[in-house]
Every structure is written in C-alpha cells, then in structure tokens.
Amino acid sequence: MTADESGSVTDPDLVADLHAHTTVSDGTLTIDEIPAAAREAGLDWVAVTDHDRIHPGIDAPVVERDGVRIVRGIELRVDAGFERLDLLGYAVEHTDALDAEIDRLQTDRRERGAAILRRVEDRLGVDLDVEPRPGLGRPHIARAIEASAAPYGYADAFDELIGNDGPCYVARDVTALDRGIDLLRESCALVGLAHPFRYDDVDAALDVARDLDAVERFYPYGRPVDTDRIDEVVADADLLATGGSDAHERTLGAAGLAEAAFAPVRERLPAPR
C-alpha cells in the first residue's frame, strides 16, 4: 500500500470503491470530479452512494465517464428497532415509491439541519452562513463551525456540540428497516449492509445482513476488527462481499475491492450506458 499526500492509504490492487459521497449529500467531491479522483486512486469503478438521495447528475444505473464506470447508488439509513443501520443500494433505478420516500427524508433533513443550525448559532453566538437544503448533513455544519470564529475544530464540533449526545443534536426521521429493504430491493441490482463494525450490536446488524444480497467486508475503520465474523456470515448466507472507502473528502480508494473480489459483484451490475 502507498500513502497519498493527505496521509490516506491506498492499495494499488484495488479496482472498485463502492462507497463514496459527493456534494449532493455530505461529501466534498462533485460528480464531475469523481473520474479524476478515481484515476488518481487507480480505480476503474466507483459507486456514488449519497445519503438518502440518488445523485441527479447520474442518468443511468451505471454510466461511464472519462473511462471510469460510476455506479448510481444510495446509502439509506433505516431503523432496525435495536439500532439505526445503513443500507447500500447499487445500480438504483427510480421508482415512484423510492422517490417519494427520498423526498420525505430530504424534507426532514432540511428541517433537522435548520434546527441544529439554530441551536449552534444560539449557543455560540455566531452566524454559520449555512442555508438549510436537501442533502444537508452534520458534516456540513461541522465544517461551518470550524470555519467560524467559534473555538471548535471539525472533530470538536461533533464531540462537544452536534454529536448524538451533544447539546445541539437533533434526531431525524428515518425509514423503517422492512420498508427500506423493500424499497431498495424493488429499485436496485443488489442491496447490502454498510460497515457492520460501526454499530453497537454487530451481531444483530450481521443478522440483518443475512436477508440482504451483500455486506460491506472491506472498510477503513481505522482500528482492528474481526473480519472473520463477516466472512462467516458471507459464507453461511451466500452473500456478496463488497467494500468501499466511505469517502467524504477528496481521496478515493482507502478501501475497496481488488479484481477477483469485485468480479462476482460486477456480474450483478448492468452494463454502463
């Protein structure tokens, strides 16, 4: 592996990063910048999986842009009862039901973002100059806090203000698990569970994955995790093993799939248009 100038580690054997975000949600790359970022990381495939949103600039389930194949995806947060989980849908097609749910979620995101902004600005006595909009997420607000006169960096903003237990946190509405699975099954080529070791109850999350098509096996947790637990579920439930960087900044390829691992996933994806 090699380290780029930002300190991120990239694997030259990777061909696909199946978890990346753009400015349509809380990422910093535009869709037009994805191909260059992919080539910089040596990738042939990238899945754009913005939060609760289908990127409007990708006009088919899979497209080819400047020699890079871009998979139109979505990361949908769902309420599993015991915890909120993230589902990844790949090669998504628009359906009336999914589009209606996305509209509902984006309205909630905008209203929730406005409420968090009000709490932060009232608490800190600053104007963050952020307009509530579809796709607004807490990373946008944390970046605005860091850029303001308030004495908080990006991580501090989460740790002390807008994190789940913070004084400025506002919960948002999410889709019920069964409803989310149904919506994605009707619209996507395959559906998987994102980053299982980010949940409090890993075993319960992996049990949910058993009823899906895939689970995210390769992910940059930044700490050791017991991937044998994922491998056991993959083998036992006959799942696909996916992987991606969950990139919110400008570097892709911190995790993903090498050619052999990507081959069975690619078989499930439609040809690029």
Side-chain angles (χ1 to χ4, degrees), residues 10-76 86-99 102 135 181 183-194 212-220 239-273:
T10 57
D11 184 341
D13 294 329
L14 298 184
V15 299
D17 182 340
L18 299 182
H19 191 166
H21 298 277
T22 72
T23 52
V24 159
S25 61
D26 55 355
T28 54
L29 284 169
T30 67
I31 191 61
D32 291 337
E33 293 172 324
I34 289 288
R39 288 195 300 271
E40 179 69 21
L43 301 169
D44 299 322
W45 292 73
V46 176
V48 171
T49 53
D50 284 309
H51 295 287
D52 302 326
R53 201 170 186 195
I54 302 170
H55 199 295
I58 307 174
D59 56 8
V62 182
V63 300
E64 186 167 342
R65 299 272 181 89
D66 297 331
V68 175
R69 294 167 180 85
I70 300 175
V71 179
R72 187 169 67 187
I74 185 171
E75 184 172 11
L76 183 69
D86 292 315
L87 303 181
L88 292 167
Y90 295 110
V92 60
E93 293 270 19
H94 286 277
T95 65
D96 290 343
L98 180 58
D99 288 346
I102 287 171
I181 292 174
L183 288 170
L184 295 186
R185 283 200 182 283
E186 292 169 1
S187 60
C188 299
L190 60 100
V191 182
L193 175 72
L212 305 177
D213 305 307
V215 60
E216 195 165 48
R217 163 65 170 75
F218 304 96
Y219 186 86
L239 300 179
L240 292 170
T242 65
S245 63
D246 199 2
H248 287 74
E249 302 300 329
R250 306 189 66 81
T251 300
L252 301 175
L257 298 174
E259 182 63 46
F262 180 54
V265 177
R266 184 172 54 197
E267 290 178 1
R268 294 284 299 272
L269 300 174
R273 297 183 193 172

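Residue numbers start at 1 and run along the sequence shown. Please read all numbers here as calculations on a predicted model, not as lab measurements.
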Pairwise salt bridge (charged side-chain N to carboxylate O under 4.0 Å, His left out) hits with a residue in [range], at least two apart:
range          : result
residues 12-25 : none
residues 53-70 : none
residues 18-35 : Glu33-Arg250

Which residues satisfy the side-chain hydrogen bond (donor to acceptor under 3.5 Å, both in side chains) test with [X], sequence neighbours excluded?
X     : value
Asp99 : His94
Arg39 : none
Ser25 : Asp50
Thr95 : none

Which residues pass the side chain to side chain contact (heavy atoms under 4.5 Å, CB included) test with Ala194, sequence neighbours left out?
His19, Glu75, Asp86, Leu88, Tyr199, Glu216
For residues 262-273, the side chain to side chain donor-acceptor pair (under 3.5 Å) pairs (sequence neighbours left out) are Glu259-Arg266
Sequence neighbours excluded, which residues qualify as ring-ring contact (aromatic ring centres under 6.0 Å, His included) partners of Phe218?
none
Sort and list the pairs that fulfil ring-ring contact (aromatic ring centres under 6.0 Å, His included) and have at least one residue in residues 245-273, not counting sequence neighbours.
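Sorted result for residues 245-273: His21-His248, Trp45-Phe262, His51-His248.
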Partners of Asp52 by salt bridge (Lys or Arg N to Asp or Glu O under 4.0 Å), sequence neighbours excluded?
Arg109, Arg172
